[in-house]
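Okay, handing you the structure first.
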Protein chains: 2
Amino acid sequence: MAQSHSTAQLDPEAGPTPRLGRKRDHTRDPEILDAAIEVLAESGFDGMTIDMVAARAKAGKATIYRRWPSKADLVLDAVACMKAADLAPERLPDTGTLRGDLVAMIRPRSIEEGERKLRIMGGLFGMISTSPELAAAAHQAIIEPRLAVNRLFLQRAIDRGEVAADCDIDLLARVASGMSAFRMLVEQQPLDADYLLSLIDHVILPAAGIAPEARTD
Amino acid sequence: MAQSHSTAQLDPEAGPTPRLGRKRDHTRDPEILDAAIEVLAESGFDGMTIDMVAARAKAGKATIYRRWPSKADLVLDAVACMKAADLAPERLPDTGTLRGDLVAMIRPRSIEEGERKLRIMGGLFGMISTSPELAAAAHQAIIEPRLAVNRLFLQRAIDRGEVAADCDIDLLARVASGMSAFRMLVEQQPLDADYLLSLIDHVILPAAGIAPEARTD
DNA sequence: TCTATACGAGACTGAGCGGTTTCGGATATG
DNA sequence: CATATCCGAAACCGCTCAGTCTCGTATAGA
């Protein structure tokens, strides 16, 4: 499930069938998966049709069904192959304070990507409750990377002595993601910088035991 | 939109048509609406079919379509007519401390109802983004009552001097609902008392500026 | 060059579902 | 008792969509 673009559904034994004819063009795989993710983000799982994905990727439906046996498998692979384009470990801020690190994550680029991922997550509801595989893939690709970043920031703050060592890292790391998801998906309001700043200064930092010394509002 | 069980779709002018024959049995309205809410909570808007609702309510499809012109109207009315059975103003705790009030809300009955409502909210995603009417009804029936309770608790704490007057009530009131929605809908984990207690003691109270004096963990 | 396969485009099939209609029976008005 | 409407049950219609198949073209290996 974790290998790149499926492919392993057929051919149980390895390669003793050197088939003739034109080879499958595997450069289309990621293009189709990207198209699927886009449609998924716009329409949700139920609203998404294979024809939409095919049109978006300028591919034929048969080309899609030659690679994935069903719509559910396509979506599962598309979600599993989502790369955390931003928030790569080497591009993360390290400002020396928890607030600095958290605020440094508030950038148009990063917010946009977060909104996109949460929209995808919203589109997966319904399917997520009937497919544990999909639920796991979505958590792994969408939620977990963000939580890992928050945990890193918190752990560094603890190591610096900025935050008490007995603070509940796992819970605090979920505050930003949880409240962002609530605002976007439930309250249907944009994830603007003001909201995120309030979240940091009025919830996360106080909960981490950091006194409000440098308020900006 | 706010009156009880629809009925006003027909008869633009009031009652100059005293029609003959058997009268419509309006005691079936809430039974059908309840059935719709149940199916909605189990299957979501897209997974729900009118036949499911009819079967659950032991009614004919025609009986449903005689009262609501479409599936969307049925769901809208069902959501709008949802009563906040628990959390009626006179049944709310008033323990004298913010923590006491919040902890007093953690009861099996209340948790179960909260899970139910959040499941319904999850089932409405997708539809909620295309129907502002439904989005408003869902917010009004499911989210707002809970936020109002939290705001009340916070305001009383401020009036008592327990919490600083400049605290961000609107944001803090959203923490419990937002984090609960995240845990249930995104992380697919139960809303147990331990989680809610951690939320209160490690996030909400510190964010409200109340020092951790009586920890229970 | 010949063969087997992949490709995009699109026709086709079968199932599911929203919504309508029909049917036999019940019920309130007159 | 007659009439008009209601009821539950279920047949029916029209459309959408997942999944298959066909067609004309392109391409890799023998």
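Just the heavy atoms: all of them, side chains too, but no hydrogens, waters or symmetry mates, feed the values below. Here is how names work: the chains are called A, B, and so on, in the same order as the sequence lines, proteins then strands, and each is numbered from 1. Since this is a predicted model, take the numbers as computed values, not measurements.
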Sugar-phosphate, base or nothing in reach of B:Met52, heavy atoms under 4.0 Å: nothing
Donor/acceptor link under 3.5 angstrom from A:Lys61 side chain onto base of C:dG10: no
Sugar-phosphate only, base, or nothing, as touched by B:Asp25 at under 4.0 Å among non-hydrogen atoms: sugar-phosphate
No-H, no-angle donor-acceptor pair, B:Arg22 side chain to C:dA26 base, under 3.5 Å: yes
Nearest-Å distance for atom pair CD1/P, residues A:Ile50 and C:dA9: 16 Å
Listed nucleotide nearest any side-chain atom of B:Ser70, set C:dG19, D:dG29, C:dG18: C:dG19
Out of D:dC17, D:dA28, D:dA30, whichever nucleotide has its closest atom nearest the side chain of A:Lys23: D:dA28
Basic-acidic side-chain contact under 4.0 Å: A:Glu144, A:Arg151: yes
Contact nearer the 5' end of DNA chain C, comparing A:Ala59 with B:Met48: A:Ala59
Length of the line joining B:Asp46:CG and D:dC17:P, which is rounded to integer Å: 11 Å
Minimum-distance nucleotide to B:Arg28 side chain [options: D:dG8, C:dA28, C:dG19]: D:dG8
Interatomic distance, A:Leu20 CG vs D:dA26 P [rounded to whole Å]: 20 Å
Whole-Å distance separating the CD1 atom of B:Ile64 from the C1' atom of D:dC6: 15 Å
Straight-line distance of B:Ile200 CD1 to B:Met105 CE, nearest 0.5 Å: 10.0 Å
Rounded interatomic separation in angstrom, taking CZ from B:Arg66 and C1' from C:dG18: 17 Å
Under 4.0 angstrom between B:Thr63 side-chain N/O and D:dG8 OP1 or OP2: yes
Polar side-chain atom of B:Lys61 near backbone of B:Val53 as donor-acceptor pair, under 3.5 Å: no
B:Ile32 CD1 to D:dG8 C1', straight-line distance once rounded to whole Å: 11 Å
Rounded interatomic separation in angstrom, taking CG from B:Asp51 and P from C:dG18: 7 Å
Flag, side chain of B:Ser110 to backbone of B:Ile106, donor-acceptor distance under 3.5 Å: no
Sugar-phosphate, base or nothing in reach of B:Ala62, heavy atoms under 4.0 Å: base
Euclidean distance, atom OH of residue B:Tyr65 to atom C1' of D:dG8 [Å, nearest integer]: 16 Å
B:Lys71 side-chain proximity, nearest of C:dG10, C:dG18, C:dA6: C:dG18
Touch class at under 4.0 angstrom, heavy-atom based, for A:Lys58 against every strand present: sugar-phosphate
Test: A:Arg174 cationic atom under 6.0 Å from B:Phe182 six-membered ring centre, within 45° of axis: no
